[in-house]
Peer 1: 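Mind looking over this structure? Questions follow.
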Amino acid sequence: MSQPINIGIVGVGKIVRDQHLPALAKDKNYRLVAAASRHGKVENIPNFPDIEAMLDAVPELEAVSLCMPPQFRYDAARTALTAKKHVFLEKPPGATVSEVENLKALAAQNGVSLFASWHSRYAPAVEAARAFLNSTRIKSAAINWKEDVRRWHPNQEWIWAPGGFGVFDPGINALSIATHILPPMFITSAVLDFPENRASPVAARVTFRTSNGLPVTMDLDWLQTGPQSWDILAETDKGAMVLSGGGSKLAVDGKVIHEEPEAEYPMLYRRFAEIVRAGISDVDLAPLQHVADAFMLGKHNVVEAFFD
Ligand code: NAP
C-alpha cells in the first residue's frame with residue numbers, strides 16, 4: 001500500500017467530532033498530523049489557531065479537510081491550494097458557485113486535488129436507486145426532506161446567516177442524491193419561506209423539469225417534529241420507488257430491495273485518497289447550482305419569526 005497521506009483538519013466542530021475523526025482513525029490511507037481551529041482542539045496532535053500557523057509549523061502536511069461553515073471556507077481553501085496541499089471541502093463546498101469554480105482552477109494550476117464532498121451520495125442505497133432508475137422509464141419524482149432544525153442544528157447561527165443556506169443546508173444533501181440518480185433537471189419555480197427575523201429560509205417548495213420534460217418536486221421543511229423524512233420518490237413503469245432515510249433504504253412497490261448500515265464518511269475519505277493518488281479533482285457543482293437557482297428564481301415569502 002502507498003504511504004499514508006499526512007492530513008490536517010480545519011474548523012473543529014460538530015461534524016469533525018461526529019464523522020471526520022472516527023473515519024480518519026480507521027483509514028490507513030491517512031495520518032492525521034495537525035488541526036487548526038479558533039477554539040476546538042483534537043487530542044494528541046498539535047493544534048493551531050488558524051490554517052496559516054498550521055501550514056508554517058507542519059511542512060509535511062500534504063492535504064487538509066476544511067470543515068468550517070461554507071461562508072468562511074474560501075480563504076482557507078485558497079491558502080491551502082496555493083501552498084500545494086490537496087483540499088477536501090465539507091458540503092456545501094462554498095457559499096457561491098463562482099468561488100468554488102475559482103478554487104477548481106487554482107487546484108489545477110497548483111497541480112493538487114480538490115474534492116467537493118457530497119456525503120449523502122455515499123449513502124448505502126443510492127447506487128442501487130441509480131441502477132433501478134436507469135433500468136426504468138421515470139414518470140415523475142418527488143423529494144421530501146423534512147426535519148427539525150432545533151434537534152439537528154441547535155444554536156448554529158451561521159446556518160441562518162447569508163450563505164448558511166437555511167433549510168437548503170439539509171436540502172442540498174437531497175439534491176446531491178437527486179442529481180446523481182435522476183436525469184439532468186432545472187428549476188422552473190420556487191417559493192422560499194424566510195422567518196421575519198432570519199436571513200435564510202426555513203422551508204421551500206421547488207419544482208423542476210428534467211431535460212426530457214418530467215416533473216420533479218422538492219418540499220423542504222425545517223420545522224418537522226416527530227418522525228423525520230429524508231425521502232426521494234419516483235413513479236416509474238416498473239413500480240413506485242421510495243429511497244428513504246437519506247439514501248439508506250430502497251423500496252419498490254413497498255418491497256425493500258436494498259438496506260445496509262451507512263458508512264458515508266469512510267467512503268468519502270476513501271474517494272479523496274483515490275483522487276489524490278490519481279492526480280485528479282472531483283468537483284461536481286450541480287447541487288450548489290440548484291440552490292443558487294432557487295434563491296435566484298424563487299419567490300421570497302416572509303413567515304413567523306424563528307427562535308431556537
Ligand atoms: P459547527 O460545529 O457550527 O462549525 C464547525 C467549526 O467551524 C466550529 O466549531 C468553529 O470552530 C468553526 N467556525 C465557525 N464559525 C467560523 C468562522 N466565522 N470562521 C472560521 N471558523 C468558524 O458546524 P458543523 O455542524 O460542524 O458544520 C460544518 C460544515 O459541515 C457545514 O458546512 C455543514 O453543512 C457540514 N455538515 C454538517 C453536518 C452536521 O450534522 N452537523 C453533517 C454533514 C455536513 P472554531 O470556533 O474552533 O474555529
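Remember, it's 1-based here, ligands and their atoms both numbered in the order they're listed. Position 1 is the first residue of the sequence, and the numbers go up from there.
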Peer 1: Nearest to atom 35 (C) of ligand 1, what protein heavy atom do you find, and at what distance?
Peer 2: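 Ranked first by proximity to atom 35 (C) of ligand 1 is Lys91 O, 3.4 Å.
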Peer 1: When you measure from the heavy atoms of Tyr265 to every atom of ligand 1, does any distance fall below 4.0 Å?
Peer 2: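 Under 4.0 Å: yes for Tyr265.
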Peer 1: Which bit of Lys41 gets closer than 4.0 Å to ligand 1, counting heavy atoms only: side chain, backbone, both or neither?
Peer 2: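 Under 4.0 Å from ligand 1, Lys41 contributes no heavy atoms.
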Peer 1: Would you mind running through ligand 1 and noting each atom that sits below 4.0 Å from a heavy atom of Pro70?
Peer 2: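 In order of numbering, the contacting atoms are 32 (O).
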Peer 1: If the contact criterion is a heavy-atom separation under 4.0 Å, does Pro92 count as touching ligand 1?
Peer 2: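 Checking ligand 1 against Pro92, which is what was asked, there is a heavy-atom contact under 4.0 Å.
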Peer 1: Numbering the atoms of ligand 1 from 1, which are under 4.0 Å from a heavy atom of Gly40?
Peer 2: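 Atoms satisfying the 4.0 Å criterion: 47 (O).
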Peer 1: Does NZ belonging to Lys255 count more than 12 external heavy atoms closer than 6.0 Å?
Peer 2: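 At most 12 heavy atoms, drawn from other residues, nucleotides or ligands, come within 6.0 Å of this atom.
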Peer 1: Any N or O of Val12 that comes nearer than 3.5 Å to an N or O of ligand 1?
Peer 2: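 By distance alone, the answer is yes.
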Peer 1: Judged by non-hydrogen atoms, does Arg17 sit under 4.0 Å from ligand 1?
Peer 2: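 Judged by the 4.0 Å heavy-atom criterion, Arg17 does not count as contacting ligand 1.
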Peer 1: What pairs of residues pass the ring-ring contact (aromatic ring centres under 6.0 Å, His included) test when at least one of them lies in residues 238-259, not counting sequence neighbours?
Peer 2: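 Of all non-adjacent pairs touching residues 238-259, none passes ring-ring contact (aromatic ring centres under 6.0 Å, His included).
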Peer 1: What do we get for Glu90 next to ligand 1 when only non-hydrogen atoms under 4.0 Å count, side chain, backbone, both or neither?
Peer 2: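 The part of Glu90 near ligand 1 is the side chain, not the backbone.
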Peer 1: Return the closest protein heavy atom for atom 27 (O) of ligand 1 as residue, atom name and distance.
Peer 2: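 Checked against all protein heavy atoms, atom 27 (O) of ligand 1 sits closest to Trp158 CZ2, 3.7 Å.
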